Amino acid sequence: MTQQHQGSSRDWSAVRRGVWSRLRFTSLRLRLVVVFGLVALTAAVSASGIAYWLNRESVLTRTQDAVLRDFEQEMRNRAGALPEHPTQDELQRTAGQMATSSQRFTVLLVAENPDGRTVYGSSGGLNGFSLQDVPVSLREAVTERQEITSNNTYPHHLYWQRIVDGDTPYLVAGTRLIGGGPTGYMLKSLEPEAKDLNSLAWSLGIATGLALIGSALLAHAAATTVLKPVQRLGVAARRLGEGKLDTRLRVSGTDELADLSRTFNKAAEALEKRVADMAGRDEASRRFVADMSHELRTPLTAITAVTEVLEEELEFEGGGIDPMIEPAVRLVVSETRRLNDLVENLMEVTRFDAGTARLVLDDVDMSDQITACIDARAWLDAVDLDAERGIHARIDPRRLDVILANLIGNALKHGGSPVRVSVREDGAEGAGDGGVVVIEVRDHGPGIPEEVLPHVFDRFYKASASRPRSEGSGLGLSIALENAHIHGGEITAANSPEGGAVFTLRLPRDVSAQNPSETADGIEDDGTEGDAS
């Protein structure tokens with residue numbers, strides 16, 4: 001159940017990452033949709049604005065012209081029939097008659113009665129349309145007498161103005177009869193036209209929204225069509241980067257993306273061929289080293305037996321070795337040992353490269369294991385051991401012996417006595433419940449040059465180019481590091497602030513929990529002896 005839950009969580013996380021990768025702002029798909037949407041929104045808003053403005057002017061102008069024309073006609077026919085000084089009743093009756101025209105506007109007539117008083121007649125009654133409802137600027141323009149010129153043949157004209165009262169638009173107009181008579185004002189509600197224009201605005205807004213949605217869908221479809229080959233190319237590139245060199249793209253069409261897919265396939269094919277050639281040469285090289293090492297072991301065994309006899313003769317007092325050839329015999333003995341160590345180390349390196357090295361685990365006491373390694377090589381007088389008994393670990397004893405022999409031997413050879421070996425436990429993260437065992441090997445020599453530190457574990461690396469030959473094979477520290485890695489551990493090299501070099505080995509206390517697939521209890525493969533090299 002837990003595994004199923006973890007699997008579903010991973011699937012959901014993958015889906016969520018995929019969706020987010022498509023929706024993040026840096027996504028080309030999202031940018032295409034946004035650009036398409038902005039272009040469509042700009043075009044739709046511009047077209048809707050222009051259409052609304054043109055229709056608004058058309059509707060208002062048509063209504064306005066009809067109302068003003070009707071008002072002007074009523075003023076000429078009905079108000080013009082009044083006497084120059086009408087009574088209030090006559091004004092009231094005439095205003096009511098004018099309001100019954102086809103345009104249904106409200107009328108206000110203003111004149112002087114025979115007594116010289118200003119009287120008013122409104123079609124809306126006493127509480128209807130009054131002079132206070134007319135803007136002052138319009139009243140002044142209506143009552144002002146214009147100068148008669150060749151271009152202006154009348155002293156008075158018809159003036160109009162649009163106003164808004166309580167969110168309701170109105171058209172207000174006024175004029176004065178020429179030659180004497182009442183002054184007339186008209187009030188016409190434009191609410192029906194406003195409702196029509198609001199409906200038009202809503203329709204244009206909905207059309208703009210639909211255009212935006214349509215453009216987004218179109219952009220998404222276009223982006224899918226355009227970006228699908230790009231996505232396939234990205235997936236193929238990732239698979240290629242993961243080492244799946246047989247990845248190829250399906251090519252269709254003759255456009256630029258098809259050319260890109262063909263180029264990718266050709267590059268992948270060339271890379272696969274090159275990697276296969278390199279792998280073949282690398283395999284042949286490893287096989288050659290392995291075969292050479294095996295072939296050398298038989299004659300080396302015979303040579304080693306002879307050199308052991310010669311060495312015994314050298315150590316025997318009064319032996320039969322001619323003093324003249326004694327140096328040559330000693331050189332043969334030492335070089336035979338060095339050659340034998342080199343062959344064994346090459347075979348071990350070949351196992352690591354081929355991935356055939358396996359662990360043979362056992363529960364060991366670290367203090368006893370280190371003591372046995374030091375005692376077997378007669379280093380007890382040169383090594384100071386700081387290790388409490390009782391620190392146990394499940395590791396490969398033979399490979400630990402190889403690691404310790406190389407680290408301690410290297411410290412004795414290139415550092416300074418005494419060499420101090422300390423052991424401690426560490427519950428570091430990533431080491432499982434058992435923690436790790438930390439082994440430090442410190443010498444009192446001059447330390448490791450800074451430019452050499454990054455290369456101390458490289459194969460055949462020589463710190464000084466002027467000394468290409470040394471007693472070791474140049475593979476010891478490299479083999480020690482590989483043995484640490486196969487345990488799931490690590491070796492680091494540094495310089496101590498008090499002087500000297502410090503090599504730190506970190507191994508998990510339970511290697512089987514770290515590398516269950518790389519352990520083989522009770523089955524031991526051939527390997528090097530524990531001698532430092």
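Everything numeric here is computed off the predicted structure, so don't read it as measured data.
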Fill in: Pairs meeting criterion side chain to side chain donor-acceptor pair (under 3.5 Å) with involvement of residues 176-188, two or more places apart
none
Fill in: Candidate pair Asp426 and Arg506, rule side-chain contact (heavy atoms from CB on, under 4.5 Å), full reasoning
CA-CA 9 Å; Asp426 188 3; Arg506 302 175 65 88; 3.1 Å; yes
Side-chain donor/acceptor pairs under 3.5 Å, residues 158-165, sequence neighbours excluded:
{"from": "Tyr159", "atom 1": "OH", "to": "Gln146", "atom 2": "NE2", "distance (Å)": "3.4"}
{"from": "Arg162", "atom 1": "NE", "to": "Gln64", "atom 2": "OE1", "distance (Å)": "3.3"}
{"from": "Arg162", "atom 1": "NH2", "to": "Gln64", "atom 2": "OE1", "distance (Å)": "3.1"}

Worksheet, complete the sentence: Rounded to the nearest 0.5 Å, the CZ atom of Arg76 sits from the CD atom of Glu74 at a distance of 10.5 Å
Item to complete: Scan residues 262-272 for pairs that pass side chain to side chain donor-acceptor pair (under 3.5 Å), counting only residues two or more places apart or in two chains.
Response: Arg248-Glu272, Asp259-Arg262
Worksheet item: Considering only heavy atoms from C-beta outward, does the side chain of Arg232 approach that of Leu249 to under 4.5 Å?
Response: yes
Worksheet, complete the sentence: To the nearest 0.5 Å, atom CZ of Arg239 lies from atom NZ of Lys244 at 4.5 Å
Worksheet item: For the side chain of Asp70 and the backbone of Ala66, is there at least one donor-acceptor N/O pair under 3.5 Å apart?
Response: no
Practice prompt. Calculate, to the nearest 0.5 Å, the distance between atoms CD1 and CG belonging to Ile50 and Leu204 respectively.
Written response: 11.5 Å
Fill in: Criterion side-chain contact (heavy atoms from CB on, under 4.5 Å) on Thr247 and Leu245, from CA distance to verdict
CA-CA 5 Å; Thr247 302; Leu245 302 181; over 6 Å; no
Discussion item. Is any side-chain heavy atom of Leu505 closer than 4.5 Å to one of Leu400?
Written reply: yes
Item to complete: Check whether more than 12 heavy atoms from other residues, nucleotides or ligands sit under 6.0 Å from atom CG of Asp167, and answer yes or no.
Response: no
Worksheet item: Do Val436 and Leu507 pass the side-chain contact (heavy atoms from CB on, under 4.5 Å) test, and can you show the C-alpha distance, the side-chain angles, and the key distance before you say yes or no?
Response: CA-CA 5 Å; Val436 297; Leu507 295 176; over 6 Å; no
Item to complete: Answer yes or no: is there a side-chain heavy-atom contact under 4.5 Å between Phe105 and Val67?
Response: yes
Worksheet item: With a 4.5 Å heavy-atom cut-off, do Arg424 and Glu440 have their side chains touching?
Response: yes
Item to complete: Please indicate whether Arg274 has more than 12 foreign heavy atoms, meaning atoms of other residues, nucleotides or ligands, lying under 6.0 Å from its CZ.
Response: no
Worksheet item: Would you call Leu233 and Phe264 a side-chain contact if the rule is heavy atoms closer than 4.5 Å?
Response: yes
Worksheet item: Run the salt bridge (charged side-chain N to carboxylate O under 4.0 Å, His left out) check on Asp89 and Arg93 step by step: do they pass?
Response: CA-CA 6 Å; Asp89 292 338; Arg93 184 172 58 254; over 6 Å; no
Worksheet item: Is Arg399 close to Ile486 at the side-chain level, that is, under 4.5 Å between some pair of heavy atoms?
Response: yes
Discussion item. Run Arg238 and Glu242 through salt bridge (charged side-chain N to carboxylate O under 4.0 Å, His left out) and show every step you take.
Written reply: CA-CA 6 Å; Arg238 284 193 294 271; Glu242 294 170 357; over 6 Å; no
Practice prompt. With rounding to the nearest 0.5 Å, note down the distance linking OH in Tyr170 to OG in Ser189.
Written response: 5.0 Å
Worksheet item: If only atom types and distance count, is the side chain of Asp65 paired as donor or acceptor with the main-chain N or O of Arg62 below 3.5 Å?
Response: no
Worksheet item: Side chain of Ser123, backbone of Val107: donor and acceptor closer than 3.5 Å?
Response: yes
Worksheet entry | Check: Arg442 side chain, Phe503 main-chain N or O, donor-acceptor pair, under 3.5 Å | no
Discussion item. When you measure from the side chain of Thr100 to the backbone of Gln97, do you find a donor-acceptor pair of N or O atoms at a distance under 3.5 Å?
Written reply: yes
Practice prompt. First locate atom CG of Asp363, then atom CZ of Arg394, and finally report the distance between them rounded to the nearest 0.5 Å.
Written response: 5.0 Å
Item to complete: Please assess Met186 against Thr106 for the test side-chain contact (heavy atoms from CB on, under 4.5 Å), listing each intermediate value before the final yes or no.
Response: CA-CA 6 Å; Met186 178 273 302; Thr106 304; over 6 Å; no
Worksheet item: Can you check whether Glu112's main-chain N or O pairs, donor with acceptor, with His85's side chain at less than 3.5 Å?
Response: yes
Worksheet item: Are any side-chain N or O atoms of Asp133 and backbone N or O atoms of Phe129, one a donor and one an acceptor, separated by less than 3.5 Å?
Response: no
Practice prompt. Might you point out which heavy atoms bring Ala484 and Ile491 nearest each other, and give the distance in Å?
Written response: CB-CG1, 3.7 Å
Worksheet entry | Leu361 versus Asp396, closest heavy-atom pair with distance | CD2-N, 3.8 Å
Item to complete: Taking the side chain as every heavy atom from C-beta outward, state whether Val423 and Val437 have any atom pair closer than 4.5 Å.
Response: yes
Response to the item:
Closest non-hydrogen atoms of Gly447 and Pro449, given as atom of the first, atom of the second and distance, are O-CD, 3.9 Å
Item to complete: Identify the heavy atoms of Leu177 and Ala79 that sit nearest to each other, and give their distance.
Response: CD1-O, 3.3 Å
Worksheet entry | Heavy-atom closest pair, residues Val502 and Ser496 | CG2-CB, 3.6 Å
Fill in: Nearest heavy atoms of Ser122 and Leu108, plus distance in Å
CB-CD1, 4.0 Å
Practice prompt. Check for a donor-acceptor pair, side chain of His392 on one end and backbone N or O of Met366 on the other, with a separation under 3.5 Å.
Written response: no
Fill in: Polar side chain donor-acceptor pair, Thr208 to Ser48, under 3.5 angstrom
yes
Worksheet, complete the sentence: CG (Asp115) and OG1 (Thr118) are apart, to the nearest 0.5 Å, by 11.5 Å
Worksheet item: Does the side chain of Pro83 reach to within under 4.5 Å of the side chain of Glu90, using non-hydrogen atoms?
Response: yes
Discussion item. I need the single residue from Thr87, Leu109, Val110, Asn113 that forms a side chain to side chain contact (heavy atoms under 4.5 Å, CB included) with Val119. Which is it?
Written reply: Asn113
